[in-house]
2 protein chains.
Amino acid sequence: MAKASHSRFDCNPGCAVEAAINLIDGKWKSILMFQLLSGTRRFNELRRLLPNCTPRMMTNQLRELEQDGLVIRTVYAQVPPKVEYSLSPLGRSMEPVLMALKHWGDANIGRYGKPHAVQTCSGDSRRDRPEDSGRTAA
Amino acid sequence: MAKASHSRFDCNPGCAVEAAINLIDGKWKSILMFQLLSGTRRFNELRRLLPNCTPRMMTNQLRELEQDGLVIRTVYAQVPPKVEYSLSPLGRSMEPVLMALKHWGDANIGRYGKPHAVQTCSGDSRRDRPEDSGRTAA
DNA sequence: CCGTATCCGATGAGATACTG
DNA sequence: CAGTATCTCATCGGATACGG
């Protein structure tokens, strides 16, 4: 029974919404997942993609996503270390949500202003990272 | 594979996602908006719909949504007071996002367990509420 | 390269009581 | 009915430094 009913819910109608949003609630989770939609990423790749996210938060958010079964962490026991993050099937099933968010943002950014707390861009003008270490693709 | 194969973005691909999620980020915002999808609600109606949300938080979240232009607050200068909340057109444009969340939740609740922090239902068993507010018409 | 540990300030969010 | 006020604790999240 995929859908209980369009009018009937086990508890509150907002229940499912809450459960879903709780998973991507967190300062970086949705962005992380969005980035992972396009493929597997390494830790430092993600860091470059989200310049404002400290390693601590990066690890934190990634681990929670992993615990929630949305992200898969693959560790290669090698030197130098290599860790890859990718979306699990469950994580990928979030794609409609993520794309809906993306689509909404694309359609509305800059059109309505950002009244109270909407800062755009994961990497703002806080600090510029001219260059980071080269690519050590294994 | 290319990092940005979707189309072009102002800054980071996650930018739009971030902007969007920032608006519904907050413990109750998405649920509130979801409830408002089905129509205008009064303050205490919403309270009944989200039993776990204290009046303080309710006001807080509602006000932020209002400031962000997603929700419209209508005050009737009457006795007893009457205040109605409804979605603005902008708020309603969030419908795809909210429905995507809802749909995901419906499809996945109870199927994968809730590893670390997923509590379902706005009204959980945090505090025993012996008195179930049935249909107590005001 | 991929993280961890620690410190610490900012904010979130619950309880409770009061008001026009 | 529809909120406010205050107090407090918990958590989030940033900075920085270090480790395998």
Side-chain angles (χ1 to χ4, degrees), chain A residues 18 21-22 24-32 40-66 71 73-86 116-117 119 122-124 126-127 129 131-138, chain B residues 18 21-22 24-32 40-66 71 73-86 116-117 119 122-129 133 136-138:
Chain A
E18 189 177 12
I21 200 135
N22 274 341
I24 54 174
D25 159 39
K27 195 163 189 180
W28 308 103
K29 286 191 190 175
S30 56
I31 309 168
L32 244 10
T40 297
R41 299 279 183 206
R42 297 180 61 170
F43 189 81
N44 276 2
E45 274 189 282
L46 291 170
R47 288 217 63 196
R48 260 171 256 125
L49 258 15
L50 286 69
N52 265 352
C53 186
T54 62
R56 178 179 136 77
M57 283 313 292
M58 182 76 74
T59 306
N60 178 20
Q61 303 279 282
L62 248 11
R63 289 293 153 88
E64 286 193 5
L65 289 170
E66 190 192 2
V71 159
R73 177 168 175 263
T74 309
V75 182
Y76 297 85
Q78 298 169 4
V79 171
K82 175 179 172 183
V83 180
E84 285 185 341
Y85 294 92
S86 58
H116 85 98
Q119 70 263 15
S122 321
D124 57 10
R126 169 193 176 69
R127 183 155 171 191
R129 305 185 120 250
E131 202 62 39
D132 210 347
S133 53
R135 222 178 218 294
T136 355
Chain B
E18 189 178 12
I21 201 141
N22 274 341
I24 55 174
D25 157 40
K27 194 163 191 180
W28 308 103
K29 286 191 190 174
S30 57
I31 310 168
L32 246 10
T40 297
R41 300 279 183 203
R42 297 180 62 170
F43 188 81
N44 277 1
E45 273 189 282
L46 291 170
R47 289 218 61 197
R48 261 171 256 124
L49 258 16
L50 286 69
N52 265 350
C53 187
T54 61
R56 180 179 139 76
M57 282 313 292
M58 182 76 73
T59 306
N60 178 19
Q61 303 280 283
L62 247 12
R63 289 293 153 86
E64 286 193 7
L65 289 170
E66 191 192 1
V71 159
R73 176 168 176 264
T74 310
V75 182
Y76 296 85
Q78 297 169 5
V79 171
K82 178 178 172 184
V83 180
E84 285 186 342
Y85 293 92
S86 58
H116 85 98
Q119 69 262 14
S122 317
D124 60 9
S125 48
R126 169 190 190 76
R127 200 78 149 171
D128 284 339
R129 306 192 113 242
S133 51
T136 9

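Within every chain, numbering begins at 1; the chains are lettered A, B, ... in the order of the sequence lines, protein sequences first and strands thereafter. What you see below is based on every heavy atom in this structure, not just the backbone, and it leaves out hydrogens, waters and symmetry mates.
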- Query: Which atom pair, heavy atoms only, marks the closest approach of R41(A) to L49(A)?
  - Reply: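 For R41(A) and L49(A), the tightest heavy-atom pair comes out as NE-CD2, 3.8 Å.
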
Margin query: So which atom in K29(A) and which in E64(A) form the shortest heavy-atom distance, rounded to 0.1 Å?
Written below: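 Smallest heavy-atom distance, with atoms named: NZ-OE1, 2.6 Å.
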
Relative to the 5' end of DNA chain D, which residue comes earlier, P55(A) or E45(B), by the nucleotide with the nearest heavy atom?
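The answer here is E45(B).
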
Which value, rounded to the nearest 0.5 Å, describes the distance between [X] atom [atom1] and [Y] atom [atom2]?
{"X": "L50(A)", "Y": "I31(A)", "atom1": "CG", "atom2": "CD1", "value": "5.5 Å"}
{"X": "E66(A)", "Y": "Q61(A)", "atom1": "CD", "atom2": "CD", "value": "13.5 Å"}
{"X": "I21(B)", "Y": "S30(B)", "atom1": "CD1", "atom2": "OG", "value": "9.0 Å"}
{"X": "K27(B)", "Y": "N52(B)", "atom1": "NZ", "atom2": "CG", "value": "7.5 Å"}
{"X": "R47(B)", "Y": "T59(B)", "atom1": "CZ", "atom2": "OG1", "value": "8.5 Å"}

N/O to N/O distances under 3.5 Å, protein versus nucleotides 10-13 of chain C:
from, atom 1, to, atom 2, distance (Å)
dA13(C), N7, R56(B), NH2, 3.3

Rounded to the Å, how far apart are [X] [atom1] and [N] [atom2]?
{"X": "N52(A)", "N": "dG14(D)", "atom1": "CG", "atom2": "P", "result": "8 Å"}
{"X": "E66(A)", "N": "dC2(C)", "atom1": "CD", "atom2": "C1'", "result": "14 Å"}
{"X": "F43(B)", "N": "dC1(D)", "atom1": "CZ", "atom2": "C1'", "result": "10 Å"}
{"X": "N22(A)", "N": "dT11(D)", "atom1": "CG", "atom2": "P", "result": "15 Å"}
{"X": "N44(B)", "N": "dT4(D)", "atom1": "CG", "atom2": "P", "result": "13 Å"}
{"X": "L62(B)", "N": "dA2(D)", "atom1": "CG", "atom2": "P", "result": "11 Å"}

Contact under 4.0 Å: [X] side-chain N or O vs [N] OP1/OP2:
{"X": "R47(A)", "N": "dC2(C)", "result": "no"}
{"X": "T59(B)", "N": "dA2(D)", "result": "no"}
{"X": "Y85(A)", "N": "dG3(C)", "result": "yes"}

Determine whether W28(B) and L62(B) satisfy the following criterion, side-chain contact (heavy atoms from CB on, under 4.5 Å), listing intermediate values before the conclusion. CA-CA 9 Å; W28(B) 308 103; L62(B) 247 12; over 6 Å; no

By the definition side-chain contact (heavy atoms from CB on, under 4.5 Å), identify the one residue from M58(A), K82(A), E84(A) that meets it with F43(A).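 The residue from M58(A), K82(A), E84(A) that satisfies side-chain contact (heavy atoms from CB on, under 4.5 Å) with F43(A) turns out to be M58(A).
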
Could you give the angle between the helix axes at the two ends of the helix from dC1(C)-dG20(D) to dG20(C)-dC1(D), with five pairs per end, rounded to 10 degrees?
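End-to-end axis angle: 60°.
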
Using heavy atoms and a sub-4.0 Å distance, could you list which residues of residues 73-83 of chain B are near DNA chain C? By number, please.
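Nucleic-acid contacts, sorted: P81(B).
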
- Which one of R42(B), R73(B), E45(B) satisfies the side chain to side chain donor-acceptor pair (under 3.5 Å) criterion with Y85(B)?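 One option only clears the test, and that one is R73(B).
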
